[in-house]
Amino acid sequence: MRMNCKRIMMPLGVLLFGAMVAIACSNSESETENTGDGDLLAENVTVRINPNKTRVLRNPLNGWVLYLAREKNETFWEERGYDHMYVPDLAKYVKVSDYASSCYLRTNWKTLEPQKGKYAWDDPNSDISRIIKSVHDRGVRIAFRVLVDGRDQTQNTPEFVFDDGCKWYNNENNKCPYPDDKVFQKHYEDFVEAFGRQYDDPDKVDFIDGYGLGKWGESHAMVYANNENKFPVMEWITALYARCFTKVPLVINYHRMLGDTYQDSWQETVPPDAEPLLNIAINNGYILRHDAFGMSGYYKDWEKSIARKWRYKLPIIMEGGWVTDTHRYWYFDDAYRYREGHPEDVRKGEFEDSMLECVNTMDFRLGETESWFEKAFSYVQRFIAEGGYRLYPDMVSLPVSVNGGQDVTIVHRWRNMGWGYCPTNIKAWNQKYKVAFALLNDNNEVKKIFVDEQSDLSTWLKEAPTTYTTKLSMKGVSVGAYSWAVGLVDVTKDNEIGLEMAVNQDDNLLNSGWLKLKTITVN
């Protein structure tokens with residue numbers, strides 16, 4: 001049902017990122033009172049709701065992203081100790097997956113399609129199928145990057161592509177395709193189309209890293225057959241992924257060497273075509289990702305300017321850059337924040353950089369996860385409390401007795417405790433998440449749902465409470481007693497609850513995700 005809705009933005013002042021939000025709330029679990037807002041709301045009562053700042057919310061494009069080992073199957077969890085990670089701050093063992101919203105798998109084309117038209121996901125006994133199943137069994141979504149360039153690695157493109165005449169570079173034992181080769185593009189299009197048919201499912205997949213070209217799939221040190229094809233290749237591959245993934249968000253790196261041919265991968269001078277290349281991906285619906293957080297010499301003014309330009313327009317997927325057991329991070333990082341032998345310094349630097357850029361996700365990378373839990377767990381907890389988006393209604397004013405067919409008014413105010421934002425504005429989501437109110441029977445079954453079509457969750461920012469005054473019709477509601485409930489629904493799934501709210505589970509939060517508010521009698 002569509003509702004008439006008036007949205008009121010409260011005064012913002014200056015946003016202070018990194019400060020904890022001061023939330024005024026009742027000491028009791030809930031409180032009701034007369035609103036005193038004139039005749040319109042004279043019959044309403046107000047429910048005040050306390051926020052929850054600690055519970056892990058497994059919402060999409062939000063929270064911690066756990067990195068998987070591509071060559072592993074479900075044995076990964078025990079072999080890495082991820083099902084039995086000791087946390088000194090808690091003095092107990094935990095499961096790392098309990099803190100994650102999604103798992104990121106960097107794999108390659110050859111693994112996913114070892115033979116033409118034969119896909120690893122169709123074989124439940126393949127390692128890739130088994131590790132993906134282990135992710136979903138833990139209630140976590142998967143995310144992918146598919147590599148084709150095998151420099152510094154094994155061959156990442158299947159041999160049948162070269163057998164069909166694809167031109168390549170590197171050496172006999174590790175062929176890398178030119179991304180502008182027409183044979184490569186034809187076979188890769190067939191693969192991405194099949195990939196999309198299998199994984200364009202937001203219930204199971206959080207995002208797709210939709211480029212995968214260049215060294216390590218990071219879109220730098222590119223080798224083209226013809227360097228004039230830099231822009232056509234970007235147009236081709238981003239349009240391809242956008243055509244095949246319409247429901248799952250696509251991400252692109254926003255570093256200065258995007259698509260560039262400079263073979264040392266990095267230079268101080270920003271190539272003049274860096275932002276135009278990035279804009280091609282953004283125009284095809286991509287969101288932002290960067291893999292050098294915490295690296296002061298790599299994440300610099302240009303990258304910061306891109307993050308500022310797109311803040312609260314596109315979410316940022318964060319990856320830390322320093323590998324603390326191999327990189328001399330204490331020597332090479334030009335901000336001099338890090339001490340030798342102290343990976344917790346790097347964790348702190350990554351957290352601070354992420355806070356400044358208002359990222360939506362942070363990473364538990366292979367080889368780095370242990371230090372997050374053993375030496376920097378306070379930052380794990382802080383990101384859960386402060387990072388990404390944490391949405392909840394702190395006040396709902398609603399009627400508790402109405403006549404059948406009557407129009408009623410609800411006033412509701414929403415807050416975001418996170419420094420990120422809920423990206424309902426992106427192309428893949430297309431405003432599919434909305435505020436909704438429900439009438440529940442005595443068995444907590446939903447009997448009626450009212451969707452607030454005008455609610456825009458992407459505008460809910462930290463320290464900027466948003467108030468809506470909503471009118472709805474009770475026409476068609478049978479006489480009887482009900483309970484009001486509120487939730488954040490997915491309108492593409494028959495208005496099922498789509499997002500978890502940052503409220504306490506013992507404050508009448510149902511397993512279905514609806515938050516019960518007050519009883520109502522329909523006369």
Side-chain angles (χ1 to χ4, degrees), residues 1-13 21 23-26 30-51 389 391-417 421-422 424-425 431-440 446 448-477 482-489 491 495 497-499 501-503 508 514-523:
M1 173 176 289
R2 182 179 295 273
M3 298 185 292
N4 295 321
C5 174
K6 179 181 179 183
R7 174 172 167 271
I8 306 168
M9 287 299 296
M10 304 296 285
L12 291 180
V21 181
I23 302 292
C25 59
S26 167
S30 64
E31 174 185 344
T32 63
E33 63 184 17
N34 291 328
T35 63
D37 278 86
D39 294 338
L40 180 65
L41 303 178
E43 301 303 318
N44 280 17
V45 296
T46 296
V47 181
R48 300 197 183 278
I49 301 155
N50 292 324
Y389 59 90
L391 312 177
Y392 78 102
D394 75 336
M395 181 277 292
V396 180
S397 171
L398 37 70
V400 295
S401 179
V402 301
N403 295 321
Q406 177 183 347
D407 287 347
V408 299
T409 298
I410 295 178
V411 179
H412 44 116
R413 183 172 62 210
W414 294 81
R415 294 181 183 270
N416 180 2
M417 292 186 290
Y421 87 110
C422 182
T424 56
N425 62 310
Q431 295 293 346
K432 71 176 183 174
Y433 297 114
K434 296 289 182 182
V435 173
F437 292 91
L439 295 177
L440 311 179
V446 175
K448 185 80 170 180
I449 294 178
F450 308 90
V451 176
D452 188 337
E453 299 284 358
Q454 301 305 307
S455 53
D456 183 352
L457 283 58
S458 70
T459 64
W460 301 355
L461 304 182
K462 189 173 183 178
E463 300 187 4
T466 303
T467 301
Y468 298 88
T469 299
T470 301
K471 288 186 178 181
L472 56 93
S473 173
M474 303 298 285
K475 185 177 180 180
V477 178
Y482 302 90
S483 292
W484 281 115
V486 66
L488 300 174
V489 300
V491 299
N495 301 325
I497 292 295
L499 299 176
M501 298 181 293
V503 298
N508 291 320
W514 290 100
L515 177 67
K516 288 180 68 173
L517 300 171
K518 292 295 292 182
T519 57
I520 176 176
T521 301
V522 179
N523 301 310

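- A pairwise comparison of heavy atoms in Arg48 and Arg413 identifies NH1-NH2, 4.0 Å as the closest pair.
- Nearest heavy-atom pair, Cys422 versus Leu391, reported as atom, atom and distance to 0.1 Å: CB-CD1, 3.9 Å.
- Contact record, Tyr389 with Tyr421: CD2-O, 3.4 Å, taken as the closest heavy-atom pair.
- A 4.5 Å side-chain heavy-atom check between Trp414 and Asn416 finds every atom pair outside the cut-off.
- Taking the ring pair (Phe, Tyr, Trp, His ring centres under 6.0 Å) definition, one finds that Tyr433 meets it with Trp429, sequence neighbours left out.
- With hydrogens and angles ignored, the 3.5 Å screen pairs a side-chain donor or acceptor of Asn44 with a backbone N or O of Thr409.
- With Val435 as reference, Leu488 is the one residue of Ile410, Val489, Leu488 to meet the side chain to side chain contact (heavy atoms under 4.5 Å, CB included) rule.
- Relative orientation of the His412 and Phe437 rings is perpendicular, given thresholds of 30° and 60° on the angle between their planes.
- Between the CG atom of Leu515 and the OG atom of Ser483 there is a distance of 11.0 Å, given to the nearest 0.5 Å.
- To the nearest 0.5 Å, atoms OG1 (Thr521) and OH (Tyr482) are separated by 10.5 Å.
- With values rounded to the nearest 0.5 angstrom, Asn523 atom CG is found 10.5 Å from Met474 atom CE.
- In this structure the side chain of Met395 never reaches within 4.5 angstrom of the side chain of Arg415, judged on heavy atoms.
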